[in-house]
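First up is the structure itself, then whatever we jot down about it.
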Amino acid sequence: MRTHTCNELNESHIGQTVTLCGWVNAYRGHGTGLVFVDVRDRSGLTQAVFETEGDNAELIEQASKLRNEDCIKLVGTVRERASKNDKIPTGSIEVLVTSMERLSKTKKLPFIPSTEKDLPNEEVRLRYRYIDLRRPTMQNILRTRHRVAKLTRDYFDEHDFIEVETPVLCRSTPEGARDFLVPSRNQAGMWYALPQSPQLFKQILMVGGCDRYLQIVKCFRDEDPRADRQAEFTQIDLEMSFVDRDEVLDIMEGFAKKVWKEMLGVDLPDFPRMTYREAMDRYGIDRPDTRFDLELVDISDLAPKTGFGVFTDALAKPKGIVKAIRVPGGAEKFSRKVTDKFNPFAQQFGAGGVPTVKYTGGEFSTGIAKFLGDIKDELVERLGLEDGDAVVFGADTYSIVTKALGELRLKIAREHGYIPEDKWNFLWVYDFPMFEYDEETERYYALHHPFTAPTKEEAQRLMDADIKDVDTVESILSDGYDMICNGSEIGGGSIRIHDQGVQSKVFELLGLSPEEAKLKFSFLLDALSYGAPPHGGIAFGLDRLVMHLVGTENIRDVIAFPKSLTGVDLMSEAPNVVDAEQLKELHVESTAEASV
RNA sequence: GGGGCGGUAGCUCAAUUGGUUAGAGCCCCGGCCUGUCACGCCGGAGGUUGCGGGUUCGAGUCCCGUCCGCCUCGCCA
């Protein structure tokens, strides 16, 4: 239908007759004798010109009816422009049109995709996604995503991984996120679940001798979305046999380096590795953003000397702690108005408050300054304070202080310019706890998932652990690892349990009786008992990877047809009601009346 | 489920303490324009102020409820 795309024409094509197809990006009419039309396709723009030249009045008449976003095909001759436009790659040529066909006329548009400024709100963009996707920005994102997917397949293919598809209709398994369920027609009263990840299938592929598996795969978790989270998302999922942790990390690090090199031209240095414990201690979070300092510093040993009630009360609690964050230059930035907002912010994480002081002229001032006299020198040295700094304190139990100051650290960094642009700080976090005790349900939960192996050093402690000994159980370390990029978790995985006995012990600690474990996971336990190889793997969030590469905070930007925060596709209006007959076939009756 | 912000023309926004006929730009329609490039100029059309209720002589504006979108806490092995 066409001979060229819009962006590929240049001076070397002058004199050639070409056919272009695309959309009217801009129309500039100059009366009955001259009309300019910028034609846009996926590749870019070409200026088409309609001129009066003898008996082609009809052509101009046709052109004068064009509107933005009409879809057209035109035939013409490439020629040099009288006045060039250096803003676009094809700005030195134009196509003198000899014939034009309007392939498809547009209705009045809800918005104009050719102006990237003044975009309508996201609701309108999502409702008319097909118009939004015409924007060059969106086209670039789609292409970036495609290139990452291709790179992924190429890289892992080079490393002897094979892509294997796993089922989308699965059985529901306990633990983890809420499942999306699909009723079975053939098995009345039975339900499939959509996979939260292909975790068990990929492990069983290892038992099945696949050795190295890869899949770019949709996963489903029926939880409330966030700016960086959708219920339906894509993982780069892989698993390897006969490997230990470092071998998995090396492969994955090589992958991330290759992606950043190919996509951004960035050479990433080797990734630092940090234990979970260190990440929590220094940054208050398991996915530290190491592009800036503002680290959490323990001052529990100094705090009692202050006599400050909030500090001493906190230290009297079990696992009580007092920590401080040095904020360079904070004395000037932290007006009363600014620091007043810290307390309610910290309170949503359970903290009582976060006192602040300024350090100027060798003295503390404002806030709780009057309590700090006796520890001034030690504090200055411990935190490395310099003139003009501010200090933020947190005092409570370890978990509350960690969470509150960890979050406040990020808030301060974002709002007061402590995050350097154009920096890529990758790192590995490892040695996670295997279990976390939940007071409310009075049981343990797997921090990663129930198939994560303990580290070699911890294996015996796991097997010997008494379910009632919370401190011991919570201290067992797993052989799990997360890849962190600029404070965002872009991948996570672990060495898996390949021993049926170890897996049974983990189920026991998670409160699953042997009968329940057999009922829900017999296929896994069976598989592990037939000569399962040691194996491990990782899953990458493709959406988040692309978000980093294109520089957006919004996961919907990197998904062609995303859903709103209430799980609705605003374009197709899914979910929606179905015929009563469909429900009947599926043996399903709804207890709710949908309001349509 | 909780908290916050928002919803006025197709789109982006405005509208004084509650007060005349709810305005502007873009888009759209009509006309003019032979070198523009976000072309320009003239004219025109376009509104149940998300929806429902209330207070008031009078509501875009105040109150209550509700729906939708976004951000967030919980949640997300």
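Letters go in sequence order (proteins before strands), and every chain restarts at 1.
Within 4.0 Å of A:Lys65, counting heavy atoms only, lies no atom of the nucleic acid at all. Across all strands, A:Gln47 comes closer than 4.0 Å to base atoms (heavy-atom distances). Contact annotation for A:Leu45: no contact, since no heavy-atom pair falls under 4.0 Å across all strands. No engagement by A:Gln230 is indicated, since no non-hydrogen atom pair under 4.0 Å with the nucleic acid exists. At a threshold of 4.0 angstrom between heavy atoms, the contacts of A:Leu570 are confined to the sugar-phosphate backbone, with no base atom among them. As judged by a 4.0 angstrom heavy-atom cut-off over every strand, A:Lys87 is placed among residues touching the sugar-phosphate backbone only. Residue A:Leu510 is classed as having no contact, given no heavy-atom separation below 4.0 Å to the nucleic acid. Residue-level contact check: A:Ser564 touches the backbone only, with heavy atoms under 4.0 Å from sugar-phosphate atoms and none from bases. Note on A:Pro450: a base of the nucleic acid sits closer than 4.0 angstrom, heavy atoms only.
To the nearest whole angstrom, the two C1' atoms, one in B:U20 and one in B:U66, are 33 Å apart. Separating the P atom of B:A45 from that of B:G3 is a span of 46 Å, rounded to the nearest Å. The separation of B:C75 from B:G58, taken at their C1' atoms, amounts to 48 Å, rounded to a whole angstrom. One P atom belongs to B:G44, the other to B:C51, and the distance between them is 29 Å to the nearest Å. Comparing the C1' positions of B:G60 and B:C13 gives an interatomic distance of 14 Å, to the nearest angstrom. Nucleotides B:C39 and B:C29 place their P atoms 15 Å apart, quoted to the nearest Å.
For the side-chain hydrogen bond (donor to acceptor under 3.5 Å, both in side chains) criterion with A:Arg496, the lone passing option out of A:Gln203, A:His535, A:Glu239 is A:Glu239.
A salt bridge links A:Lys202 to A:Asp237: at least one charged side-chain nitrogen sits closer than 4.0 Å to a carboxylate oxygen.
Under the Watson-Crick or G-U wobble criterion, with both distances below 3.5 Å, B:G74 is left unpaired in every strand shown. Pair check for B:C5 finds B:G69; Watson-Crick or G-U wobble, both atom distances under 3.5 Å. In this structure, B:C29 and B:G43 make a Watson-Crick or G-U wobble pair, each of the two defining distances being under 3.5 angstrom.
Cation-pi check for A:Arg443 over A:Tyr445 is met; the charged atom lies under 6.0 angstrom from the ring centroid and within 45 degrees of its normal.
In this structure, the aromatic ring of A:Phe36 is positioned over the six-membered ring of the base of B:U36, centres within 5.5 Å and planes within 30°.
Side-chain N/O atoms of A:Thr566 include one lying less than 4.0 angstrom from OP1 or OP2 on B:G69. OP1 or OP2 of B:C39 has at least one side-chain nitrogen or oxygen of A:Arg28 nearer than 4.0 Å. Residue A:Asn121 places at least one side-chain N or O under 4.0 Å from the OP1 or OP2 atom of B:U12. Remark: A:Arg127 is not in phosphate contact with B:G69, judged by side-chain N or O atoms under 4.0 Å from OP1 or OP2. In this structure, A:Arg556 reaches the B:C70 phosphate: one of its side-chain N or O atoms is under 4.0 Å from OP1 or OP2. Of the side-chain N and O atoms in A:Arg67, one or more sit less than 4.0 angstrom from OP1 or OP2 of B:C29.
One N or O donor and one acceptor, one from the side chain of A:Arg79 and one from the base of B:G35, sit under 3.5 Å apart. Below the 3.5 angstrom threshold, one finds no donor paired with an acceptor across the side chain of A:Gln348 and the base of B:G4. In terms of polar N and O atoms assigned as donor or acceptor, the side chain of A:Ser83 comes within less than 3.5 Å of the base of B:C37 in a complementary pairing. No donor-acceptor contact under 3.5 Å links the side chain of A:Glu51 to the base of B:U34.
Residues A:Pro120 and A:Arg125 are in side-chain contact: their nearest non-hydrogen atoms beyond the backbone lie under 4.5 Å apart.
Where A:Arg221 and A:Gly567 each meet RNA chain B at their nearest nucleotide, the meeting point lying more 5' is that of A:Gly567. Comparing A:Asn554 and A:Arg226 along RNA chain B, the residue whose closest nucleotide (by nearest heavy atom) sits nearer the 5' end is A:Asn554.
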